[in-house]
Every structure is written in C-alpha cells, then in structure tokens.
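Here's the structure, in structure tokens; my notes come after.
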Amino acid sequence: MTKLLTIQGGKPLQGSVRVRGAKNLVPKAMVASLLGSSPSQLRNVPEIKDVEIVTNLLTIHGVKVEADVDTGDLTLDPSQMRTAEHSEIDAHAGDSRIPILFCGPLMHRNGEAFIPDLGGCRIGDRPIDYHLEVLRTFGAVVDKQATGIHITAPKGLKGAKLELPYPSVGTTEQVLLTAVLADGITELKNAAVEPEIHDLIAILQQMGAIITVNTDRTIRIEGVERLGGYKHRAIPDRIESASWASAALVTRGDIYVQGAAQRDLSAFLNTYRKIGGEFEVDDGGIRFWHAGGQLEPLVLETDVHPGFMTDWQQPMVVALTQAHGVSIVHETVYENRFGFTEPLRRMGASIQLHRECLGSNPCRFGQRNFLHSAVISGPAELQGADIDVPDLRGGFSHLIAALAASGTSRVTGIEIIDRGYEHFMDKLHALGADVELTER
Ligand code: EPU
C-alpha cells in the first residue's frame with residue numbers, strides 16, 4: 001500500500017500547532033540512558049519514526065522503554081542490558097543514522113558494538129569516517145564486515161586528544177557518549193556546539209559526567225567511573241518550528257507555534273524578519289505571519305551553529321521563490337542539499353544551481369563538482385504538481401510549496417515526513433489545509 005497525499009493549494013494556513021522535543025536531540029538522549037546504572041526519564045518526547053526506531057533498538061539491547069504518548073514521557077531502564085544479535089540490529093535500524101551513536105555506550109557496557117549499514121536522508125555522501133577515527137583514537141578496534149561494522153575495545157577506552165576536520169554534530173555526540181566513561185581526560189577541538197549538543201551535555205552532567213565547553217569550540221570531558229540516570233525535558237524542535245514559520249510565510253498565513261523557543265531560532269528569526277515575515281514571541285511559543293506586503297530577496301549561507309542551519313534552508317528557499325527579486329543561497333554543510341529544487345522548478349519556481357561558492361563562508365565544496373549554490377528569482381506563481389518526496393526537509397518544503405500553489409498536487413513518499421514531523425497530517429488539518437490522504 002502506498003500513501004497518496006492530495007493537496008489543493010492556495011489557502012493561507014491559519015491556526016496553532018504544537019512542537020515537542022527536538023528530533024535531533026531526543027534519540028541521542030535515549031541512547032545516553034544506556035550509560036546509566038539507574039533508569040532515566042525523558043519528557044517532551046514527540047511521536048515520530050526516529051523515536052520508534054531507537055525505542056526498538058534499545059529494547060533489543062534489553063532496555064525497558066515505557067512511553068506515555070499523551071504526556072510525551074519516556075522511562076528508560078537499562079538494568080537488564082544485553083548484547084543484541086546482529087540480525088536483530090539490522091532488522092530494527094531502519095533508515096536512521098542513530099545506530100552509529102550506540103558505539104561508545106555499548107562498548108562501555110557490553111564490550112562490543114555492531115553498526116549496520118546506515119541510512120538517513122540522501123543529501124550527500126554522509127560518510128562516518130570522523131566517527132570511526134575518533135573511536136579508534138579512544139582505543140576501539142574497528143572491523144568492517146560485509147553486513148556492517150563490528151567494534152570492540154579489548155584494552156578499554158581511554159581519554160584522547162581529538163580535533164575534528166569539521167564541527168560535525170554526530171561526531172561530537174559520539175565523542176561525548178564515549179568520553180564520559182573513558183579512562184582519563186578527553187579534549188575535543190573544533191567541536192559542534194549546536195543547542196542539541198548543549199542539551200545532551202546537560203543530560204550527561206545530570207548523570208554524573210564532568211564536561212566543560214570553551215568559547216573556542218573545545219570540549220573537555222573528564223572521564224568518571226560510573227553514571228546514574230537523568231530526568232530531563234528535551235529542548236523544542238527548532239527545525240520543525242522554523243518549518244511551520246516558513247509555511248505561514250509561503251501560504252500568506254498566520255501560525256502560532258506552541259513550544260517554539262526564540263533562543264535557539266535566533267539566526268532564523270533575523271532572516272525571517274529581513275525577508276518580510278512577522279513574528280511575536282510569548283512565554284508559550286511564537287506567532288509567525290505574512291505581513292501582507294511584498295517579500296524581499298536576500299543572500300543566505302548555511303553554517304554550523306550559531307549560523308543559519310542547513311535544515312532551515314529548504315523551507316526558506318520556497319519562501320524566497322515568493323520574494324520580489326534575486327536571492328542567493330550558499331549551502332556549506334552538505335554538498336548535495338539542493339536536489340529538492342527540481343520539483344519546485346516543475347511547479348514554476350525559477351531556481352538555478354551552481355557549482356561555485358556564491359558566498360563568503362569558507363566552504364569545503366568549492367572548485368569541486370557539487371551544485372551547492374542556488375540563485376532564486378521571484379516572485380513565481382507556483383502550480384500544483386506530482387511529487388515524490390526525496391528526503392525529510394526537502395519533502396516538507398514540497399508540501400508547503402504545494403499548499404501555496406494554485407491547483408492540485410499529488411504527493412507520494414510522505415512516510416519520510418513522519419521521521420521528523422509529529423502528526424503532521426493532523427496539524428495540516430488544524431491549520432485549515434485542503435489535504436486528503438488515500439492509500440492505493
Ligand atoms: N561528515 C563527514 N564525516 C563524518 C561525519 C560527518 O564528512 O564522519 C560531514 C557530513 O557529510 C556533512 C558534515 O560533516 O557534510 C556535517 O555532518 P554532521 O555530522 O554535522 O551531521 P549529522 O550529525 O549526520 C545532524 C542532523 C542533521 C543535520 C546535521 C547538521 C541528526 C540525526 N541529524 O546530522 O539533521 O542536518 O546534524 O546540523 O541529528 C535532519 O534533521 O533532517 C538532518 C539531516
């Protein structure tokens with residue numbers, strides 16, 4: 001059975017949606033529970049596919065996971081941990097990249113880890129070389145097999161001096177989850193400092209870890225012998241918040257995003273204001289709306305935190321198709337994150353992709369064969385189209401383009417959206433969208 005989403009566009013989205021814990025924090029917080037000798041409690045957990053995948057992976061490793069879907073409370077009890085069969089891990093890993101983060105905790109607790117072939121969104125090569133390199137420096141032995149990677153630590157894991165070639169979010173998390181119980185001190189230079197990393201550090205500190213973050217992107221971790229559980233409320237999802245904000249702008253609507261937090265959206269809000277979007281912050285969330293005038297074009301570069309996130313780029317590109325004039329977007333985090341613009345062009349958008357760096361941020365992709373800069377001319381009158389969703393963020397941006405377009409769009413592959421957008425169909429209905437889901 002494939003799902004088909006039919007969208008009649010042209011209606012402003014209006015109303016309120018609730019955003020819960022960040023997709024890019026919650027699964028990692030769940031993995032951290034493996035390090036504790038007592039149960040952990042995580043609050044504000046969304047019902048998304050990635051949480052389901054990590055729940056299954058933890059369960060096959062003997063962790064008892066109890067969820068209250070209404071409150072979003074999770075209890076994770078690792079007291080009966082065991083080593084899972086490779087075939088079980090393979091069967092439950094799905095399309096997620098989270099299994100790679102099980103390495104440190106599983107080596108500490110079970111002496112070994114197995115990582116199946118990794119999935120994740122198709123937005124570039126997404127290698128794991130940094131991960132394997134830092135694990136080796138901790139003393140892990142990496143054995144690449146046909147079905148995946150087997151990792152052991154015959155002499156234990158020892159604190160290390162590390163420097164990342166690029167401030168990778170996942171590798172920084174890998175180092176944190178491994179170093180907290182390693183023997184001695186770890187120093188990580190050029191670390192990622194995204195809000196989700198700070199939230200993970202807060203969790204690990206509650207468990208008993210000693211972690212210092214310096215202003216120069218250096219993180220120092222003093223290994224301890226034992227960690228306990230944690231009780232924590234996950235930070236809100238700043239990518240979902242920005243996605244709904246962009247949907248308000250593109251459809252000329254007005255959306256209150258309950259749970260959105262200004263602090264972690266700072267770079268996005270500056271851009272939102274410059275393009276002509278309005279927002280108003282209160283204690284419970286942020287209201288986003290189209291001010292009624294014309295949208296302004298702008299020059300935008302994605303970057304690691306505190307820059308403009310790569311995951312905000314796709315919905316913002318749709319908004320820029322409605323701006324009066326020429327906008328330029330330089331993607332510096334992933335080499336291949338403009339594939340989603342092809343359906344937008346079919347819908348009537350004017351977007352040209354370039355191999356050159358159209359921006360001033362230092363970028364690893366210049367002079368190479370990657371189409372990683374976009375020139376967008378607007379405003380474009382978008383027409384409905386048939387779309388097959390390519391990846392999570394690209395897919396959501398297709399939905400908002402279809403919601404703004406005149407005519408009918410037929411969208412397949414929407415299961416991908418469930419990976420990171422909780423109950424998005426219910427939310428679309430609540431915002432007055434003319435959408436219908438059928439199975440065929
Ligand atoms: N990289 C390597 N080698 C590695 C690891 C990363 O070359 O071993 C490169 C990547 O190819 C990429 C860059 O380093 O060009 C940054 O990758 P990073 O490791 O920071 O990304 P990630 O941890 O795999 C997380 C989020 C992504 C988000 C990025 C950047 C999760 C599960 N995923 O990915 O989120 O785009 O950080 O902020 O946390 C999404 O939510 O849709 C999503 C893709």
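Heavy-atom basis, side chains included; hydrogens, waters and symmetry copies ignored. Note that the numbering runs from 1 along the sequence shown for the chain.
With sequence neighbours excluded, the residues that form a side chain to side chain donor-acceptor pair (under 3.5 Å) with Tyr256 are Asp282. Residues satisfying the side-chain contact (heavy atoms from CB on, under 4.5 Å) test with His423, not counting sequence neighbours, are Glu47, Asp426. The ring-ring contact (aromatic ring centres under 6.0 Å, His included) check on Trp312 picks up Phe268, Phe308, with sequence neighbours excluded.
Tyr421 pairs with exactly one of Glu240, Lys427, Arg393 by the side chain to side chain donor-acceptor pair (under 3.5 Å) rule, that one being Arg393. Paired with Ile211 under the rule side chain to side chain contact (heavy atoms under 4.5 Å, CB included), one option of Ile201, Thr186, Leu200 passes, and it is Ile201.
Looking at every heavy atom in both residues, Val193 comes nearest to His305 through O-CD2, 3.4 Å. In terms of heavy atoms, Val180 sits closest to Ala209 at CG1-CB, 3.5 Å. Minimum heavy-atom separation, His330 to Gly359: ND1-CA, 3.8 Å. Across all non-hydrogen atoms, the minimal contact from Lys274 to Leu298 is CB-CD2, 3.9 Å. Across every non-hydrogen atom of Ala401 and Leu344, the tightest pair is CB-CD2, 3.6 Å.
The environment of Gln80 atom CD is sparse: at most 12 non-hydrogen atoms of other residues, nucleotides or ligands sit within 6.0 angstrom. Counted within 6.0 Å of CD on Gln352, heavy atoms from surrounding residues, nucleotides or ligands total more than 12; the atom is thus considered enclosed. Counting heavy-atom neighbours within 6.0 Å of Gln383 CD, excluding the residue itself, gives a total above 12. At most 12 non-hydrogen atoms from other residues, nucleotides or ligands lie less than 6.0 angstrom from CZ of Arg263. The 12-atom threshold is not exceeded at CZ of Arg273, counting heavy atoms of other residues, nucleotides or ligands nearer than 6.0 Å.
Using a 4.5 Å cut-off on side-chain heavy atoms (C-beta onward), Val435 and His429 make contact. Side-chain contact between Arg43 and Thr71 is absent, with no heavy atoms from C-beta onward closer than 4.5 Å. Put simply, the side chain of Ile414 reaches to within 4.5 Å of the side chain of Leu437, judged on heavy atoms. Within the 4.5 Å cutoff, no side-chain heavy atoms of Leu4 are placed close to those of Val411. Annotation: side chain of Leu358 is in contact with side chain of Val375 (closest heavy-atom distance under 4.5 Å). The side-chain heavy atoms of Leu382 and Thr321, taken from C-beta on, include a pair separated by under 4.5 Å. Looking only at side-chain heavy atoms (C-beta outward), Asn24 and Lys28 come within less than 4.5 Å of each other. Leu34 is listed as a side-chain neighbour of Met81, based on a closest heavy-atom distance under 4.5 Å.
A centroid separation of less than 6.0 Å is found between the aromatic rings of Phe396 and Trp244.
Asp237 has no carboxylate O lying under 4.0 Å from a charged side-chain N of Arg20, or vice versa, which leaves the two without a salt bridge. For the pair Asp418 and Lys49, the salt-bridge criterion is not met [side-chain N within less than 4.0 Å of a carboxylate O]. For Asp386 and Arg410, the salt-bridge test passes: some basic side-chain N is under 4.0 Å from an acidic carboxylate O. Salt-bridge annotation for Glu422 and Lys23: absent, with no side-chain N of the basic residue lying under 4.0 Å from a carboxylate O of the acidic one. Taking 4.0 Å as the cut-off between side-chain N and carboxylate O, Arg345 and Glu342 do not count as a salt-bridged pair. A salt bridge links Glu88 with Arg82; the closest basic N to acidic carboxylate O contact falls under 4.0 Å.
Using modelled atom types and a 3.5 Å distance limit, the side chains of Ser37 and Arg226 yield a donor-acceptor pair. A donor-acceptor contact closer than 3.5 angstrom links the side chains of Thr310 and Arg337. Side-chain contact check for His324 and Glu296: no donor-acceptor pair (N or O, by modelled atom type) lies under 3.5 Å. Checked by atom type, the side-chain pair Asp388/Thr412 shows a donor-acceptor distance below 3.5 Å. For the residue pair Thr408 / Gln8, a side-chain donor-acceptor distance below 3.5 Å is found, with atom types taken as modelled.
Within the model, atoms OG1 of Thr75 and CG of Asp68 stand 9.0 Å from one another, a figure rounded to the nearest 0.5 Å. Within the model, atoms CD1 of Ile400 and OG of Ser246 stand 5.5 Å from one another, a figure rounded to the nearest 0.5 Å. Atom CG of Asp73 sits about 11.5 Å away from atom CD of Glu66, to the nearest 0.5 Å.
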Full working for side chain to side chain donor-acceptor pair (under 3.5 Å) between Glu331 and His372: CA-CA 5 Å; Glu331 167 63 54; His372 71 293; over 6 Å; no
